[in-house]
Amino acid sequence: MRTARALVRHEVRMLGSLVLWVARRSHGTGGGRAFGYARGQGAMTFGLAFVCLVETLTMSVLLRDFPVAHGIVLFLDVYTMVFVVALHAAQAVRPHVLEPGALRIRRAVHVDLRIPLERIASMRRESRTVHERAEGELDVAVGTQTSLILELAEPVDHVTFLGRRRKVRLVRFHADDADAVVRAVTRARNARPPLPGQPA
């Protein structure tokens, strides 16, 4: 039942992202600075959508004498095209956000991790295209690529797509302008007042 609810929630968020994209609005960026991560993905996404369109037209011709099968395949093909475009929309309208006191790392509707700035021990640029799963690490790759590494002084809770919780101490993620993210986070951390017991 939990899996079914997660899938329904996922579909609703994807379609909601498509509406926001058409309206040229973003999600969850009020009061913060947004950093995109989907640059360069648009051409591939719309190329895939075009392939789906060609397949839809081809199958319509092949199944024109089989109305039931034609209706089922047409529905699946159209839904696939909508899903592909909605995925791109979700990446575009849900960027990473530097909020007051936290960095919010996202990937479409699949990942939304809020990291308090005081828990960031270090942040650096490092481009990777191969990632091995490891305990306590989270890879938020875009097209298999990550360009930034966050090491945390204390772990944070990451809620997976199906609602499971796991502790992470290291996060790799991608941003179109990785240097701008590093500069902005560094400035935000340096501007924070010292914690109680720390020298000013």
Side-chain angles (χ1 to χ4, degrees), residues 1-17 20 26-38 86-87 90-176 178 180-198:
M1 194 65 179
R2 174 188 289 183
T3 301
R5 284 198 300 269
L7 290 173
V8 170
R9 186 170 60 247
H10 173 267
E11 298 301 296
V12 170
R13 288 177 177 173
M14 288 283 283
L15 295 176
S17 297
L20 289 174
S26 59
H27 175 275
T29 59
R33 180 178 174 186
F35 298 94
Y37 51 83
L87 179 60
Q91 293 177 332
V93 304
R94 294 170 182 264
H96 307 309
V97 183
L98 179 58
E99 304 172 336
L103 177 63
R104 192 174 177 184
I105 297 172
R106 303 196 284 184
R107 183 181 63 204
V109 298
H110 310 111
V111 177
D112 193 340
L113 178 65
R114 190 175 184 276
I115 302 175
L117 294 180
E118 64 268 17
R119 295 199 186 185
I120 299 176
S122 68
M123 182 178 191
R124 66 181 185 275
R125 285 205 59 176
E126 182 178 312
S127 296
R128 285 194 180 196
T129 55
V130 178
H131 305 87
E132 297 181 3
R133 293 180 61 86
E135 187 65 29
E137 298 183 2
L138 175 65
D139 296 315
V140 189
V142 176
T144 74
Q145 179 183 9
T146 58
S147 54
L148 291 157
I149 295 182
L150 276 179
E151 294 184 16
L152 308 181
E154 297 178 43
V156 296
D157 286 332
H158 166 56
V159 181
T160 67
F161 174 73
L162 294 178
R164 299 191 185 93
R165 290 183 176 272
R166 56 184 291 245
K167 299 284 188 181
V168 295
R169 297 190 67 106
L170 186 143
V171 181
R172 299 184 186 92
F173 66 106
H174 177 68
D176 294 332
V181 178
V182 173
R183 289 194 299 268
V185 171
T186 300
R187 282 197 301 268
R189 292 176 63 206
N190 291 340
R192 289 181 59 79
L195 297 173
Q198 288 185 340

Quiz item: Going through the checks in order, is the side-chain contact (heavy atoms from CB on, under 4.5 Å) test met by Arg125 and Val182?
Solution: CA-CA 8 Å; Arg125 285 205 59 176; Val182 173; 4.3 Å; yes

Self-check item: Under the ring pair (Phe, Tyr, Trp, His ring centres under 6.0 Å) test, residues paired with Phe173 that sit two or more places apart
Solution: His96

Quiz prompt | Those residues that, when tested against His110, pass ring pair (Phe, Tyr, Trp, His ring centres under 6.0 Å) (two or more places apart) | solution = His10

For residues 147-154, dump all side-chain donor-acceptor pairs below 3.5 Å to protein atoms at least two apart in sequence or in another chain.
residue	atom	partner	partner atom	Å
Ser147	OG	His174	ND1	3.1
Ser147	OG	Ala175	N	3.3
Glu151	OE2	Arg124	NH1	2.8

Quiz prompt | Residues that Arg33 engages under salt bridge (Lys or Arg N to Asp or Glu O under 4.0 Å), provided they are two or more places apart | solution = none

Can you give the donor-acceptor pairs under 3.5 Å from side chains of residues 135-142 to other protein atoms, not counting sequence neighbours?
residue	atom	partner	partner atom	Å
Glu137	OE1	Arg172	NH1	3.1
Glu137	OE1	Arg172	NH2	3.3
Asp139	OD1	Arg172	NH1	2.9

Practice problem: Return the set of residues passing side-chain hydrogen bond (donor to acceptor under 3.5 Å, both in side chains) with Arg114 (not counting sequence neighbours), or none when no residue passes. | Solution: Glu99

Practice problem: Report the residues that fulfil side-chain hydrogen bond (donor to acceptor under 3.5 Å, both in side chains) with Arg128, sequence neighbours left out, ordered by chain and then residue number. | Solution: Glu126

Does some side-chain heavy atom of [Y] sit less than 4.5 Å from a side-chain heavy atom of [X]?
X      : Y      : value
Val109 : Arg9   : no
Arg94  : Leu20  : no
Leu98  : Val181 : no

Exercise. Not counting sequence neighbours, which residues clear side chain to side chain contact (heavy atoms under 4.5 Å, CB included) with Thr29? List them please.
Key: Ser26, Ala34, Pro95, Val97, Arg106

Practice problem: Using the test side chain to side chain contact (heavy atoms under 4.5 Å, CB included), find all partners of Ala86 that sit at least two apart in sequence or belong to another chain. | Solution: Met14, Leu18

Quiz item: What pairs of residues pass the ring pair (Phe, Tyr, Trp, His ring centres under 6.0 Å) test when at least one of them lies in residues 124-143, not counting sequence neighbours?
Solution: none

Practice problem: Quick one: which residue pairs count as a side-chain hydrogen bond (donor to acceptor under 3.5 Å, both in side chains) with a foot in residues 159-171, not counting sequence neighbours? | Solution: Asp157-Lys167

Practice problem: Measure across Leu117 and Ala102 and return the closest heavy-atom pair with its distance rounded to 0.1 Å. | Solution: CG-N, 3.6 Å

Practice problem: Looking only at non-hydrogen atoms, find the nearest pair between Pro155 and Arg119 and report the distance. | Solution: O-NH1, 2.7 Å

Quiz item: What distance do Leu103 atom CG and Phe35 atom CZ have between them, rounded to the nearest 0.5 Å?
Solution: 8.0 Å

